[in-house]
2 protein chains.
Amino acid sequence: MADPKYRQIADGLRFKIESGVYPPDQKLPTESDLTDEFGASRNTIRDAIKSLINLGLVETRPGQGTFVTKRPDPLVTTLSADEVTGLGGGEGAAYRSEVSEEHRTPAVSEPDVRVQTAGGEIAARLRVPEGMRLISRHQQRFIDGTPWSLQTSFYPRQFANQGAERLLEDQDIAEGTVEYLLKKLKLKQVGYRDWITVRAPNLNEITFFRLPPDGRVQVFEIFRTAFDQDANPMRVTVTVFPTDCNQFIVNVGKVPPAKYEVVPPDGS
Amino acid sequence: MADPKYRQIADGLRFKIESGVYPPDQKLPTESDLTDEFGASRNTIRDAIKSLINLGLVETRPGQGTFVTKRPDPLVTTLSADEVTGLGGGEGAAYRSEVSEEHRTPAVSEPDVRVQTAGGEIAARLRVPEGMRLISRHQQRFIDGTPWSLQTSFYPRQFANQGAERLLEDQDIAEGTVEYLLKKLKLKQVGYRDWITVRAPNLNEITFFRLPPDGRVQVFEIFRTAFDQDANPMRVTVTVFPTDCNQFIVNVGKVPPAKYEVVPPDGS
DNA sequence: GCAAATTTGTTCGTATGTATT
DNA sequence: CAATACATACGAACAAATTTG
């Protein structure tokens, strides 16, 4: 009798879900049925169900019931450069998203461009003093019309004075900023580092991605620092994705395409 | 008056936390103080605090109070191979963990070795029929004595018959399995693919990592498929890390060491 | 070292609101 | 419109952990 009652109930339901007694999309008994089944009050049943919601195992729909969740097809994004096209593969226009079925159509908003001062996080990655002026270019990305990622790129403000004026214009740079900066500033991107973190979403992100407001769905935050031929950071791009429908691939060395590894539902 | 009261309270507290009125480690007012401050019942206050817990903003300690969380130093692991040592950097003995201070000492348990049949997930990645017999080698990894990761590697069962008998022994393979398989089976690992996902922890993981049992701290699950010189999968390694104290780095092309990018607390 | 006070954790009861069928 | 099912909110009681006197 160590565990509290709501946890015992949660574990009991969890076992039934994970062992397939309640398969995905199945409706669980109603709260009042569970009240009888477990001999607990409705509030205690609800505490148990809340913890299953936190685990992502079930979702509740007012007026309908509680249902075992079925995860949506994940979007898979490759972070490493394409072996064939070489460095920068997937850069500029968008991250490449493979293993996503062909009928998926990406879209990008026009950038929201600002001049702002560098905060600690960005300043450290760009290796500039805190408070320096930066150009930030913020874009929203969609796939099949649904919000997919939020992306912000930061460049030193002086890039615009040194010939890359279009960084300050709120229009997409069609050839990609990698090409553009090479052409205008002779800055050649020779590599990049992706720094992958996971955190709770902020209010903006909850709104944009339409996440549950309690923050149980977290987000990837990926910091991409791009380096020029002198090994200096030339750009920092921060991209945010919900964790519940995004996965990432990193290829190292010689590897075949990922298509072969697409996987049936469930596993472990 | 659209939002429910507990959410308004949560947003109010959240704002105070994010704007620094309540800095990290600060104790929030007690539940009964908040009851007076917001004119809500204790249960409603508790609902608000629960949602802040889900967001990872606060933690409660029975008998003490509610405190603004302070995130621990993350462990940063590089997934891409080392530029200098070439392919396989960080393989065999352990993933490399850089930017972790030098005084951190890793440890690995002896492997738990089994012969089992391939499930869908692993079978697809190893490109073998489901139900085929596999050798699994499971290890627990620690840093400074605290649980860090759970790792399981899968190999085709017949590798042991073809000369790599030690795969079946429950002892660490000191030179690393990459070297061992090259020596014994002439299988040269020419590359690997890491597939990065995030999910809720299962009961094993909650126990091992000592995560809160409600699953609000999720885990990275990284599938590493290693390929041989014929572009066939020779190994699948699944590693699980808690997301709250682990981050990952991917280097592509020519990049300087990551040390420069270590970042002060907070940011946005 | 112990008892009291403080603070959060669990459980129940009850009432009312809102979404769906 | 009525019935069903989940969501929110309040009140109350006791338990468990911790600090304080």
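Reckoned from all heavy atoms, side chains included, excluding hydrogens, waters and symmetry mates. In what follows, chains are A, B, ... by sequence order, proteins preceding strands, each numbered from 1.
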What is the distance, to the nearest angstrom, from the CD atom on B/Glu31 to the C1' atom on C/dG9? 9 Å
Could you write out each protein N or O paired with an N or O of nucleotides 9-14 of chain D at a distance under 3.5 Å?
{"residue": "D/dA9", "atom": "OP1", "partner": "B/Lys5", "partner atom": "N", "Å": "2.4"}
{"residue": "D/dA9", "atom": "OP2", "partner": "B/Lys5", "partner atom": "N", "Å": "3.4"}
{"residue": "D/dA9", "atom": "OP2", "partner": "B/Tyr6", "partner atom": "N", "Å": "3.1"}
{"residue": "D/dC10", "atom": "OP1", "partner": "B/Lys5", "partner atom": "NZ", "Å": "2.7"}
{"residue": "D/dC10", "atom": "OP2", "partner": "B/Ser41", "partner atom": "N", "Å": "3.2"}
{"residue": "D/dC10", "atom": "OP2", "partner": "B/Ser41", "partner atom": "OG", "Å": "3.4"}
{"residue": "D/dC10", "atom": "OP2", "partner": "B/Thr44", "partner atom": "OG1", "Å": "2.4"}
{"residue": "D/dG11", "atom": "N7", "partner": "B/Asn43", "partner atom": "ND2", "Å": "3.4"}
{"residue": "D/dG11", "atom": "O6", "partner": "B/Asn43", "partner atom": "ND2", "Å": "2.4"}

Which is it for A/Val68 and A/Leu28 under the side chain to side chain contact (heavy atoms under 4.5 Å, CB included) test, yes or no, and what are the steps along the way? CA-CA 7 Å; A/Val68 180; A/Leu28 259 58; 3.6 Å; yes
Around B/Lys27, counting heavy atoms of other residues, nucleotides and ligands shown, do more than 12 lie under 6.0 Å from its NZ? yes
Regarding A/Arg14 and A/Asp11, does a basic nitrogen lie under 4.0 Å from an acidic carboxylate oxygen? no
To the nearest Å, how far apart are A/Glu59 CD and D/dA5 P? 18 Å
Using the C1' atoms of five pairs at each end, what's the angle between the two axes of the helix from C/dC2-D/dG21 to C/dT21-D/dA2, to 10 degrees? 10°
I want to check one thing: is the phosphate of D/dA7, taken as OP1 and OP2, less than 4.0 Å away from some side-chain N or O of A/Thr60? yes
Among A/Val58, A/Leu34, A/Leu52, the one residue meeting side chain to side chain contact (heavy atoms under 4.5 Å, CB included) with A/Thr66: A/Val58
Test item: A/Thr243 side-chain N/O and A/Gln218 main-chain N/O as donor-acceptor pair under 3.5 Å: yes
If you compare every side-chain N and O of A/Arg46 against the phosphate oxygens of D/dA7 (OP1, OP2), does one of them come in below 4.0 Å? yes
Could you check whether B/Thr66 gets within reach of a base, just the sugar-phosphate, or nothing at all, counting any heavy atom under 4.0 Å? sugar-phosphate
Using the side chain to side chain donor-acceptor pair (under 3.5 Å) criterion, which residues pair with B/Arg210? Sequence neighbours excluded. none
B/Arg61, CZ atom: more than 12 neighbouring heavy atoms under 6.0 Å: yes
Using a cut-off of 4.0 Å between protein heavy atoms and nucleotide atoms, how would you tag nucleotides 15-21 of chain D 5' to 3' with B, S and -? --BSS--
Just one of B/Phe209, B/Phe248, B/Phe241 clears the ring pair (Phe, Tyr, Trp, His ring centres under 6.0 Å) bar with B/Phe220, so which one? B/Phe248
Whole angstrom is fine here: how far is it from CG in A/Asp33 over to P in D/dA5? 7 Å
Set of ring pair (Phe, Tyr, Trp, His ring centres under 6.0 Å) partners for A/Phe15, sequence neighbours left out: none
Test: A/Lys16 and A/Glu37 ion pair at under 4.0 Å: yes
Test ring pair (Phe, Tyr, Trp, His ring centres under 6.0 Å) applied to B/Phe208 - qualifying residues, sequence neighbours left out: B/Phe142
